[in-house]
There are 2 protein chains.
Amino acid sequence: MDAVASLVRELSGRLAHQATPLPSPLYLAHMTPDLPVAASLAYLCAMLYNPNNVSPETAPVTTELEHEVSEDLCRLIGYQPGTGWAHLSSGGSTANFEAMWIARNLRSVPSAAAAHPAAADLVSGRSPLVLANMPVHQVLDLVEVLSARGLLPEVGRLAAEQRREASTSGTLLLARNAHYTWDRCADLLGLGPADVEKVELTPTHRVDVQALGRRVRALLANGQPILAVVAMCGSSGEGAVDDLDAILRLRADCERRFGASFYVHVDAAFGGYCRSLWLHPDGTMAPFEDRPLDGSGARMKPEVHAAFRALPLADSVTVDPHKNGHSPYPGGSVVFRDRRAVSLVARESMYFGQGNGSRIPFGPHTLEGGRPGAAAAAVWAAHRQIGLHSQGYGRLLGGCIATAQRLHKRFSVARRAAPTASHDVNSEVISCFAPDLNILNLSVRPRESEYQRVPRGAFGRLVLDSILAEAASEPLTSLYVSGNTLTGRPLPGGVEQALRLCTMKELGPTALDVVEQHLRAAVSRSAGKVSTYGVAAKPGSAGDVVHVSPAKEWK
Amino acid sequence: MDAVASLVRELSGRLAHQATPLPSPLYLAHMTPDLPVAASLAYLCAMLYNPNNVSPETAPVTTELEHEVSEDLCRLIGYQPGTGWAHLSSGGSTANFEAMWIARNLRSVPSAAAAHPAAADLVSGRSPLVLANMPVHQVLDLVEVLSARGLLPEVGRLAAEQRREASTSGTLLLARNAHYTWDRCADLLGLGPADVEKVELTPTHRVDVQALGRRVRALLANGQPILAVVAMCGSSGEGAVDDLDAILRLRADCERRFGASFYVHVDAAFGGYCRSLWLHPDGTMAPFEDRPLDGSGARMKPEVHAAFRALPLADSVTVDPHKNGHSPYPGGSVVFRDRRAVSLVARESMYFGQGNGSRIPFGPHTLEGGRPGAAAAAVWAAHRQIGLHSQGYGRLLGGCIATAQRLHKRFSVARRAAPTASHDVNSEVISCFAPDLNILNLSVRPRESEYQRVPRGAFGRLVLDSILAEAASEPLTSLYVSGNTLTGRPLPGGVEQALRLCTMKELGPTALDVVEQHLRAAVSRSAGKVSTYGVAAKPGSAGDVVHVSPAKEWK
């Protein structure tokens, strides 16, 4: 026990002195929330029993809690708990992988059914154009009938063979600012590089729905399969919310025009819980009102409300309890509108024949299989402590969003950064655009003439590196921010590297003063260091000597 | 705080009364260990800081601990920590998925290099037969040169296009008793059903290396790509250890004969930590000795020792700290012999140019990306409390294995199960075969003439269901076992369903008496219930009325 005590003292001491101080008002770097007391205690309680939610046999209590969380998440998104389904995942990446795995397999069922002698009658009379892009609910009806006929394994096998033989499994369309794991997702699933199409952004960092519509219509008209359209609901870099309402209107229009359609997945890993801003306790959603929200004072944009209102029509949604759900790691999740979809990736699906509302076992129906029951207990407790409605999570997240909005206001006008005694350098910190949710991007740029030739991206990167170095040397009292490459805003001199602030807590006026002061001083100091050590020291060859470190991972 | 206290009381009460009693000697159902005190405390300490090991920025302390765990795991397997690499995963499934993702991408690099004008010189003079199955270390050398030339992204893209256009990404060969997630792995990665070949088993439930060799040689001789050969080191159902030594000799022979080779992955999710049975504190491995191991008294088979001795020559190994590593969920891991392999699935690999021994960031180089730093802290503490050598984990796991061996001895002769007052029924419980590690399979079968026509599998299933029902109704005092379908031992009347016992703790003679007594009585009672409610009640139509529930998930 002495050795154990010494190990724990060592760990505990290192954590106390070196861990990032998430509860500090100056910690604004990543999507890591403070944990509600109930969530921490629930994780600790359950972990001591070490349950594995792979099956109720190994974890009778916490699998039940995960099923309750599944129903919570369906209600949060606006799905029917009896026909929808959700489960926890290790994070947003695996949740997205699983949804796309399902979408890929779903897309190839109709043509495989057409090629199977005992199933062809189910899709007779459909044109090749419709078979290539059959509407999702029709494919799921087909899957149910195939299962009832005992043909699902055979047709599934045939579909896998056809996918292998075809030159494409379908095109995946998503915005250019999608998280970097989306390219890895495509590679994991065996898509070709040409199967992923990145759609341009609007100046508000949302996907350009006009451009998306042109591509979608061209693919449908040619009978080329669309694997899925992925909309962002809180992009990782900017917290931007794609116009999901318009994407779903596009889909409805395509169904009318072509009889063909596409799978819609929403990556709401960051933004999903914000739907609670407008949720009544009975799960219905309040209409948009053009005034500050009660309690938090956040003023939401009408198009953001419209996107959240449209969420129940998407086919699947990734939403991370460990981000805005204020639950501990690991706590990702994926939510399906129609639980029949999970049979497309299970070896032996236990969904069919058990009726609606039944308990789908987690092991064979999830990418991870085994999973910590303690994570389910923590999310369950967080949901119950906070409440999935406007006065619970809505109040909490409204406060986080209002904080981003207040910081935006303070930085929306370019102001001379306060020169310090040691670094008498002018630089500007400007909020690039009004945030959709609780992430703020700040542009930093030099003002003096000797800086004018410094590439904008490089300057932002140097300032960020300097702030990170300060935080690493004084972890408990420093300002923490992260960086973001603003792909939607190419500038003269390269892509801009902005400072990225995730406001995962509500800050009052005094805390906001402290944050603003620290930020301006940190930027000024960092600009001074750039002057001393970096670019500006050699005015003639400014751009050449910049050493830019690799982009930081943000989460 | 009242509401929080009430939530925690509710959860805590449910766990205390309904959770499976893992520390009980009667709990033998799943691969869930008791947790060492240091591991639990470390998880709890770290969780309160909620670190995400996606990058050191979000978790400076626990990413460092995960790097230390990475070195531990390399040493456990026998890899060089400076050139190998490991990371924690959410479990064995994602670890296997990631290794196969790498193997799939690796396999297609040489032919893509041959097709790229600026890279073709690197593979000039190689025959198509060799290009299709270039030895792994040669592919990794090639990848390193491609990276130095700045060609890796382009050649990677070309490889993905070629995979998409080819009718196969290569054949995946593995034993018939591989875990069910292997089929899901193949589907996830976009392999066709014909790309997975299941190789027959020997009577000892190990892969038949003769049969494997015939297939491998045929594929290599025809220039057909082999994605990987997967060996089991502790199969989920039987704890069987494939003859890895012979598989690696087969590989060496193929390299001599064809100049071509194949990737070897070992699924040691369950068995990996057992290598510590023979590890000296300096990481070297003791030779085989035909006598009971010091301390535990376990007698290991020479071929099992030989398989563990061969482990350092495999290309990658899945090993789960949350199984025989006695760490809490989530704690899987995957270990790579050559860290250059991880560049094959990263978007922008930070491996190259940083030299050996450098810290590879976890976010962009792992399937999950984000991951709980607390899990790393727990595994780190477990390794330090117990010790990765023969007197640490070796002593602990030797005790678990000796327990399986002692139970095997007690059940190796068919004995009349003790008839009880209420159920005067004869049935037999027999240990099917001497276990390789700490999993035991018991056959149950009826003795009376009226049972003779009951399918053997169905009888085992009915007995198992009855035992599980007893455990569910009296969770704190019942015997817990799981089931296993013995694919390697087809019997007249169908595949046999055995009772499966995972001995995750050492039991002394008194505890073994209690377990034996409970097992015989439970089987007898269950056989009685089968008599009353099931098959035997209708002697004439025995096989028809058996209702067999779906196979349980085991872990």
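The sequence lines fix the lettering, A, B, ..., with proteins before strands; numbering per chain opens at 1. What you see below is based on every heavy atom in this structure, not just the backbone, and it leaves out hydrogens, waters and symmetry mates.
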What part of [X] gets closer than 4.5 Å to chain B, counting heavy atoms only: side chain, backbone, both or neither?
{"X": "Met100(A)", "answer": "neither"}
{"X": "Leu35(A)", "answer": "side chain"}
{"X": "Ser89(A)", "answer": "neither"}
{"X": "Pro51(A)", "answer": "backbone"}
{"X": "Thr63(A)", "answer": "neither"}
{"X": "Asp34(A)", "answer": "neither"}
{"X": "Ala16(A)", "answer": "both"}
{"X": "Ser108(A)", "answer": "neither"}
{"X": "Ala46(A)", "answer": "both"}
{"X": "Glu10(A)", "answer": "side chain"}
{"X": "Thr94(A)", "answer": "side chain"}
{"X": "Ala19(A)", "answer": "both"}

TODO: Using a strict cut-off of less than 4.0 Å between a Lys/Arg side-chain nitrogen and an Asp/Glu carboxylate oxygen, indicate whether Asp2(A) and Arg9(A) qualify as a salt bridge.
DONE: no

What residue in [options] has the most heavy-atom pairs under 4.5 Å with chain B?
{"options": "Pro21(A), Cys45(A), Pro330(A), Ala186(A)", "answer": "Pro330(A)"}
{"options": "Glu161(A), His17(A), Met1(A)", "answer": "Glu161(A)"}
{"options": "Val4(A), Asp195(A), Leu7(A)", "answer": "Leu7(A)"}
{"options": "Val61(A), Thr20(A), Leu15(A)", "answer": "Leu15(A)"}
{"options": "Pro372(A), Ala59(A), Gly331(A), Gly332(A)", "answer": "Pro372(A)"}
{"options": "Arg163(A), Glu64(A), Arg371(A)", "answer": "Arg163(A)"}

Would you say that [X] contacts [Y] through its side chain, given a criterion of any heavy-atom pair below 4.5 Å between the two side chains?
{"X": "Leu189(B)", "Y": "Ser169(B)", "answer": "no"}
{"X": "Leu88(A)", "Y": "Val379(A)", "answer": "yes"}
{"X": "Asn52(B)", "Y": "His322(A)", "answer": "no"}
{"X": "Ser93(B)", "Y": "Leu367(A)", "answer": "no"}
{"X": "Glu68(B)", "Y": "Arg384(B)", "answer": "yes"}

Contact winner vs chain A - [options], heavy-atom pairs under 4.5 Å:
{"options": "Leu41(B), Leu158(B), Thr168(B), Leu191(B)", "result": "Thr168(B)"}
{"options": "Arg164(B), Met47(B), Arg157(B), Glu165(B)", "result": "Arg164(B)"}
{"options": "Ala38(B), Pro193(B), Gly156(B)", "result": "Pro193(B)"}
{"options": "Leu48(B), Asn105(B), Val37(B)", "result": "Asn105(B)"}
{"options": "Pro475(B), Gly91(B), Ser40(B), Ala194(B)", "result": "Ser40(B)"}
{"options": "Ser167(B), Ala5(B), Ala381(B), Ser12(B)", "result": "Ser167(B)"}

List the atom of [X], the atom of [Y], and the distance in Å for their closest heavy-atom pair.
{"X": "Trp380(B)", "Y": "Arg14(A)", "value": "CZ2-NH1, 4.3 Å"}
{"X": "Ala377(A)", "Y": "Thr62(A)", "value": "CB-CG2, 4.4 Å"}
{"X": "Ala382(A)", "Y": "Ser327(A)", "value": "CB-OG, 3.5 Å"}
{"X": "Tyr329(B)", "Y": "Tyr43(B)", "value": "O-CE1, 4.1 Å"}
{"X": "Pro60(A)", "Y": "Glu57(A)", "value": "CD-O, 4.4 Å"}

Open item on the list: Looking at Thr366(B), is its backbone amide N or carbonyl O close enough to the side chain of Arg184(A) to form a donor-acceptor pair, meaning the two atoms are under 3.5 Å apart?
Closed with: yes

TODO: Give the ring-plane orientation class for Trp101(A) versus Phe97(B), where under 30° counts as parallel, over 60° as perpendicular and anything between as tilted.
DONE: perpendicular

Nearest 0.5 Å, please: how far is [atom2] in [Y] from [atom1] in [X]?
{"X": "Cys185(B)", "Y": "Arg104(B)", "atom1": "SG", "atom2": "CZ", "answer": "9.5 Å"}
{"X": "Lys323(B)", "Y": "Cys502(B)", "atom1": "NZ", "atom2": "SG", "answer": "10.0 Å"}
{"X": "Leu44(B)", "Y": "Leu44(A)", "atom1": "CG", "atom2": "CG", "answer": "5.0 Å"}
{"X": "Asn96(A)", "Y": "His179(A)", "atom1": "CG", "atom2": "NE2", "answer": "9.5 Å"}

Between [X] and chain A, which part of the residue has a heavy atom less than 4.5 Å away: side chain, backbone, both or neither?
{"X": "Ser6(B)", "result": "neither"}
{"X": "Gln162(B)", "result": "neither"}
{"X": "Glu98(B)", "result": "neither"}
{"X": "Gln18(B)", "result": "both"}
{"X": "Pro33(B)", "result": "both"}
{"X": "Leu22(B)", "result": "side chain"}

